[in-house]
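Sequence lines set the chain letters: A, B, ... in the order given, protein chains first and strands last, and positions in each chain run from 1. Quantities reported herein were computed from a predicted structural model and do not represent experimental measurements.
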Protein chains: 2
Amino acid sequence: MKEKNISLAVIRRLPKYHRYLKEMLDNDIKRISSKELSKVIGFTASQIRQDLNNFGGFGQQGYGYNVEDLYEEIGKILGLTRDYNVIIVGAGNLGQALANYSSFGRLGFKLKAMFDINPKIVGLTIKDIQVLDMDTFETFVNENNVEIVYICTNRDGAQDVADRISKTNVKAIWNFAPVDLKVPEDVVVENVHLIDNLLTLSYFLKEN
Amino acid sequence: MKEKNISLAVIRRLPKYHRYLKEMLDNDIKRISSKELSKVIGFTASQIRQDLNNFGGFGQQGYGYNVEDLYEEIGKILGLTRDYNVIIVGAGNLGQALANYSSFGRLGFKLKAMFDINPKIVGLTIKDIQVLDMDTFETFVNENNVEIVYICTNRDGAQDVADRISKTNVKAIWNFAPVDLKVPEDVVVENVHLIDNLLTLSYFLKEN
DNA sequence: AAAAATATGTCAAATTAATAACAAGGTATT
DNA sequence: AATACCTTGTTATTAATTTGACATATTTTT
């Protein structure tokens, strides 16, 4: 399943295609040309065709792309072919907010538990999900085939969690702590650095 | 204050410089060369020098950069020279999570109120911040010199909020709803599309 | 005080990414 | 069935970004 050296820029556009195609699907749009898609999604038609062709010829000359097929194909590329067991570490406000997002679950990311070190939070149940003590972290991860961890701790706790993750079979971290984690090569990390994002907005507000 | 055509790629690296310099400052590191910084931050030394030189010669040959000065300069570039009044629209879990992040406030982003349409939430007070009814949105924004709005509604509500924002003096939106907002040219939008981010992670997990 | 080492700012080269162009194949219309 | 029209996949071109090189200035060492 290994595609050869697709650039990061292309990969980061795929979820957007996926999102727009889903919307078209919901609106009963059956076919779409790169030119039409270009208009709504804001990329050039040329870029759309080139992006998609990294993964195969999904279109048909003179016709365009079948929306449902393309949606499915991009889903496959993104790994949406099966469910993933996930847990959240850090059951504070952000962790709870993520726990309440049902859209992740619908895409196949199944929340199995939350973890915290705060005795006031451990033991709670949020949306049918138990908050467990970090003492039981490794045991739970191993016994429940957890594949993805969302790190929602504060800055100081994040690297410790990453270190503990690195000793398990978990190979993916979604990191919300404002720090760049050091992890083994075979662990992938995707960061949501909110502050970085806010400061970018601030820059453009100033420039405007 | 308008810098000429700095590329988006450069801008998005600035907050990371800011973050690392803050850490060095906290650790009493007084000076840093592009080479040393390169090692910890992961960009090439050449790129660091070129990035910084877009905004001026902050370094000194043979010495490097003064950490405190550089931190201050990058802060200025990012607009961290004064406070901004912000409000949150959508006081659900995510909105509340953002309201509880004190780090935004420390950087100058002062939360003045939260808004919602849900009668069960309107009237609550979260971290000394009142949740107001959307009926009073325009009035509040105008009277309190609000400059930035964090949109934390669901997908369907986001564009409506953006439309209402566009009729006020607010010129910056931090959007957490999974939709690309249509706004006038002079309104800047920074998106946090969590699902896009999660799917990128999923892609790399699959590829791994 | 001189020499060696360091490190910037900047220009040039190389690499990567985006856009444009177009042949070929398919669709729609007459 | 023939013709005109679309639209893809792909190659070529252009643009943007990153990396490398180096002259010059400063610091550190001898």
Could you give the [atom1]-to-[atom2] distance, from [X] to [N], as a whole number of Å?
| X | N | atom1 | atom2 | result |
| --- | --- | --- | --- | --- |
| N53(A) | dA18(C) | CG | P | 15 Å |
| I11(B) | dA16(D) | CD1 | C1' | 15 Å |
| I32(A) | dT27(C) | CD1 | C1' | 17 Å |
| R49(B) | dC22(D) | CZ | P | 13 Å |
| D51(A) | dA18(C) | CG | P | 8 Å |
| K35(B) | dC22(D) | NZ | C1' | 15 Å |

Does [X] contact [N] through a side-chain donor or acceptor facing the base, at a distance under 3.5 Å?
| X | N | value |
| --- | --- | --- |
| Q60(B) | dT27(D) | no |
| Q47(B) | dT17(D) | no |
| S46(A) | dA20(C) | yes |
| E36(A) | dT7(D) | no |
| Q61(A) | dT8(D) | yes |

Would [X] and [Y] pass as an ion pair if we require N to O under 4.0 Å?
| X | Y | value |
| --- | --- | --- |
| D160(B) | R164(B) | no |
| K182(A) | D163(A) | no |
| K76(A) | E73(A) | yes |
| R12(B) | D196(A) | no |

Check your understanding: Can a side chain N or O of R31(A) be found less than 4.0 Å away from OP1 or OP2 on dT8(D)?
Key ->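 Result: no.
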
Review point. Mapping Y63(A) and A9(A) to their closest nucleotides on DNA chain C, which lands nearer the 5' end?
Key: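 Nearer the 5' end of the strand: A9(A).
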
**Study point:** Candidates dT19(C), dT27(C), dT27(D) - which lies nearest the side chain of Q50(A)
**Key:**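 Selected nucleotide (nearest to the side chain): dT19(C).
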
Review point. Hey, do the aromatic rings of F137(A) and F115(A) have their centres closer than 6.0 Å?
Key: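 Under 6.0 Å, so yes.
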
Review point. Base, sugar-phosphate, or nothing: which does F43(B) touch, judged by heavy atoms less than 4.0 Å apart?
Key: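 Contact class for F43(B): none.
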
